[in-house]
Colleague: 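The following block contains the structure, expressed as structure tokens.
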There are 2 protein chains.
Amino acid sequence: MPETPRRPDSRYGNRPTMKDVAARAGVGLKTVSRVVNGEPGVTPETERRVQEAIDALGFRRNDSARVLRKGRTASIGLVLEDLADPFYGPLSRAVEEVARAHGALLINGSSAEDPDREQELALALCARRVDGLVVIPAGDDHRYLEPEVKAGVATVFVDRPAGQIDADCVLSDNFGGARGGVAHLIAHGHRRIGFIGDMPRIHTAAERLRGYRTAMEDAGIEVADTWVSLGTTDPDRVRRAAEEMLSAPEPVTAVFSGNNRVTVTVIRVLAERARRVALVAFDDLELADLLEPGVTVVAQDAAALGRTAAERLFRQLEGTLVVPERIELPTRLIARGSGELPPAD
Amino acid sequence: MPETPRRPDSRYGNRPTMKDVAARAGVGLKTVSRVVNGEPGVTPETERRVQEAIDALGFRRNDSARVLRKGRTASIGLVLEDLADPFYGPLSRAVEEVARAHGALLINGSSAEDPDREQELALALCARRVDGLVVIPAGDDHRYLEPEVKAGVATVFVDRPAGQIDADCVLSDNFGGARGGVAHLIAHGHRRIGFIGDMPRIHTAAERLRGYRTAMEDAGIEVADTWVSLGTTDPDRVRRAAEEMLSAPEPVTAVFSGNNRVTVTVIRVLAERARRVALVAFDDLELADLLEPGVTVVAQDAAALGRTAAERLFRQLEGTLVVPERIELPTRLIARGSGELPPAD
DNA sequence: TAGAGCCTGGACAACGTTGTCAGATGCGGG
DNA sequence: CCCGCATCTGACAACGTTGTCCAGGCTCTA
């Protein structure tokens, strides 16, 4: 004898479906669908009955099924480095707001600066069939996204460019910002200027270093090997790097810090020293103006990066965009004191 | 004559399906499914052929369909106040890490402290059939979640308790923390102590105020009306409040600040004044130790809040939890100088 | 060599929703 | 009184995947 087909394991706790609602209201399946979606062509009386059944059963439409049928998920994915980093919070929020304005939800994931994890995340998002993807690259090869892009997943890269693939990018002017920041120090009389930055494989780090070198070259200053230190943003690493260049026989009189994680450690090191060392830092910090001296920064607008990227993404989805573009947002030098200290030696 | 049934509008850009892969590899549908899911029972040779077809077509499993069939989405939702707030970034990241350890993705949304938006978001997440929901409440009535909870959506509230509904909560010891912080000021000789906090309808704000009042009462100090100011965290509002209590005929000699948004403004106001005013702030800040004086804070562990909540959520999903519980995490007083200033008058 | 048992592969239904299309109902006009 | 039309309703097939079940071919043993 035929068993009653048992439902698969704990199926949403046996949630009511449109079928259940239809049965209870004594109407057809499609009529329920019409009510739920506010489609026209339902008598007020019928609508009332259906609505009653919905409320009584606690019915909620299953968007998975809907997505399957309609082909659009009304959700976009964001792959970033670390949500806990104060730089990415506002960026993520900005993306979310644009998504919300377009009726979409945001799924995000942190790559922790690991290319494999970035790929794993991005592909998982694609498997969920997000309509679009905003990626802050950890890796430098994004060919794995080619089938997705071809299949119509809108894609925008932010903060760092895409690797090996032609796609929209929204970047800050890392090179120009760093160059300007270093030039600022030079203008205040410094010649021995240190640079402490992130790992050189990260595009922003490389660009900022290039800005530093260019500014130095512009001023005819030869950069000593000991003035440049690249690596992780781990506090110990940064601390060692800073102390080294400050304790050398010919110590640097100013430091350019490559990002916000580096900066907080550099500030700590400088605060411990008697001799005043000038500092210009890439990325603004919340209380930077209240330190003594205030921290001069090259600020980038994280929210604007996110917003611009998301807007571009939705324009891709509308189909009004065709040619991938590279957009560069300006940075802003904010002088607060630390960058205007004269060389002390 | 029967039209060829046209596919619904731009269906994922006509992505290949398992059927396509099966056709190309010359095998059955289910065999492809087996390969994709690493199920046993496929000859290496067959598997190779299928894998080739998958690569050639750029096939990626459609998780929407999978979810529909299996009933679990392997994703959880997080509704918080504002992702751009440095308090919520780490919390969100901690939730994400736990989710990742359980193979789940995180969808999050910002309620912007608006109860309606919180509800809209939470229900949208439920419609996507997230397996669980971590909510930082904006509103104080969560009965709208009852059908969802009943239907098996694991639910945990963080930072603030649930309203009108019996559910797991993970909170900081707001009352005890504030009470301790204010007692700290009293122990350093202060009697006229101001409290600037968030809107009283927010649970954390109310609890911290209660802690303040209790500490004052413990010390036998009567609180003057002008010492307490509650409202939005808008800088102008906070600034006015601070200036008022500092300029009164009998000005406060110390301020207790109710959260990190308030604190940054209070610090600015205090920095502008000649007279030194003591400060203890709820929530730690990134550079708090480098200010002059260092900011004494009552720190809560945002990551621990998120981690604890997420872990509890997955234990609900495993079915090992039954009774909703209220977990309270301790806070930590970190003395850095500003809280140890003597009353100056 | 026949039969039992295993291994591989495929046909089919179901998940919950929406689009299509055709049937039912009611109303007004001839 | 009947027909045509507009309005409302429902049956049915798809969406892409997975679970169930059975068929066919193979190996191994008696």
Colleague: Taking only the side-chain nitrogens and oxygens of K30(A), find out if one of them lies under 4.0 Å from OP1 or OP2 of dC21(C).
Modeller: no
Colleague: Which whole-number value in Å describes the distance from L68(A) CG to dT18(D) C1'?
Modeller: 13 Å
Colleague: Quick one: E39(A) CD to dT17(C) P, roughly how many Å, whole number?
Modeller: 14 Å
Colleague: Check this one for me: any side-chain N or O of R69(B) less than 4.0 Å away from OP1 or OP2 of dA14(C)?
Modeller: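 No, R69(B) has no side-chain N/O under 4.0 Å of OP1/OP2 on dA14(C).
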Colleague: Rounded to the nearest angstrom, tell me the gap between atom CG in L29(B) and atom P in dG19(D).
Modeller: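 Going from CG in L29(B) over to P in dG19(D) covers 13 Å.
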Colleague: Side-chain N or O of R34(A) versus OP1/OP2 of dT18(C): is the shortest distance under 4.0 Å?
Modeller: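 Negative; the distance criterion is not met.
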Colleague: Roughly how many Å is it from NZ in K19(A) to C1' in dC12(D), rounded to a whole number?
Modeller: 12 Å
Colleague: Nearest whole angstrom, please: distance from the P of dA14(C) to the CE of M18(B).
Modeller: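 Spelled out: CE on M18(B) to P on dA14(C) is 20 Å.
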Colleague: Rounded off to whole Å, could you give me the CZ-to-P distance for the R66(A) and dC15(C) pair?
Modeller: 21 Å
Colleague: What does N37(A) touch in the nucleic acid at a heavy-atom separation under 4.0 angstrom: a base, only the sugar-phosphate, or nothing?
Modeller: sugar-phosphate
Colleague: DNA chain C: A65(B) or G26(B), which has the more 5' nearest nucleotide?
Modeller: G26(B)
Colleague: Send over the distance from E45(B) CD to dC26(D) C1', rounded to a whole Å.
Modeller: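 The answer, rounded to whole Å, is 17 Å.
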Colleague: For dT18(D), does either OP1 or OP2 sit under 4.0 Å from a side-chain N or O belonging to R61(B)?
Modeller: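 Indeed, a polar side-chain atom of R61(B) lies that close.
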Colleague: Is the number of heavy atoms from other residues, nucleotides or ligands under 6.0 Å of D55(A) CG greater than 12?
Modeller: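 Count over threshold, so yes.
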Colleague: According to a strict under-4.0 Å criterion, is T43(A) in side-chain N/O contact with OP1 or OP2 of dC8(D)?
Modeller: no
Colleague: How far apart are the C-alpha atoms of D82(B) and S110(B), what are their side-chain angles, what is the distance that settles it, and do they pass the side-chain hydrogen bond (donor to acceptor under 3.5 Å, both in side chains) test?
Modeller: CA-CA 5 Å; D82(B) 178 5; S110(B) 302; 4.6 Å; no
Colleague: Examine dG19(D): is either OP1 or OP2 under 4.0 Å from a nitrogen or oxygen in the side chain of S33(B)? Give yes or no.
Modeller: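 No, no such contact exists.
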Colleague: Return no unless some side-chain N or O of S64(B) is found under 4.0 Å from OP1 or OP2 of dC15(D).
Modeller: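 So the side chain of S64(B) is outside the cut-off, no N or O lying under 4.0 Å from OP1 or OP2 of dC15(D).
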Colleague: Please assess L317(A) against R72(A) for the test side chain to side chain contact (heavy atoms under 4.5 Å, CB included), listing each intermediate value before the final yes or no.
Modeller: CA-CA 11 Å; L317(A) 286 174; R72(A) 283 273 157 129; 3.8 Å; yes
Colleague: Give V27(B) one of three labels, base, sugar-phosphate or nothing, depending on what nucleic acid heavy atoms sit under 4.0 Å from its own.
Modeller: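 The answer is sugar-phosphate, as V27(B) gets under 4.0 Å only of primed atoms, P, OP1 or OP2.
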Colleague: Near D140(A) CG, under 6.0 Å, is it more than 12 heavy atoms from other residues, nucleotides or ligands?
Modeller: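 For D140(A), atom CG is not crowded (no more than 12 foreign heavy atoms under 6.0 Å).
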Colleague: In plain terms, say whether E45(B) and R48(B) are close enough for a salt bridge, that is, a side-chain N and a carboxylate O under 4.0 Å apart.
Modeller: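 Salt bridge: yes.
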Colleague: For a quick check of understanding: with a heavy-atom distance under 4.0 Å over all strands, which category does V36(B) fall into, base, sugar-phosphate or nothing?
Modeller: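 No contact.
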Colleague: Reckon T31(B) has a side-chain N or O less than 4.0 Å from the OP1 or OP2 of dG10(C)?
Modeller: yes
Colleague: What is the separation between atom NZ on K70(A) and atom P on dA13(D), rounded to the nearest whole Å?
Modeller: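 About 21 Å, once rounded to whole Å.
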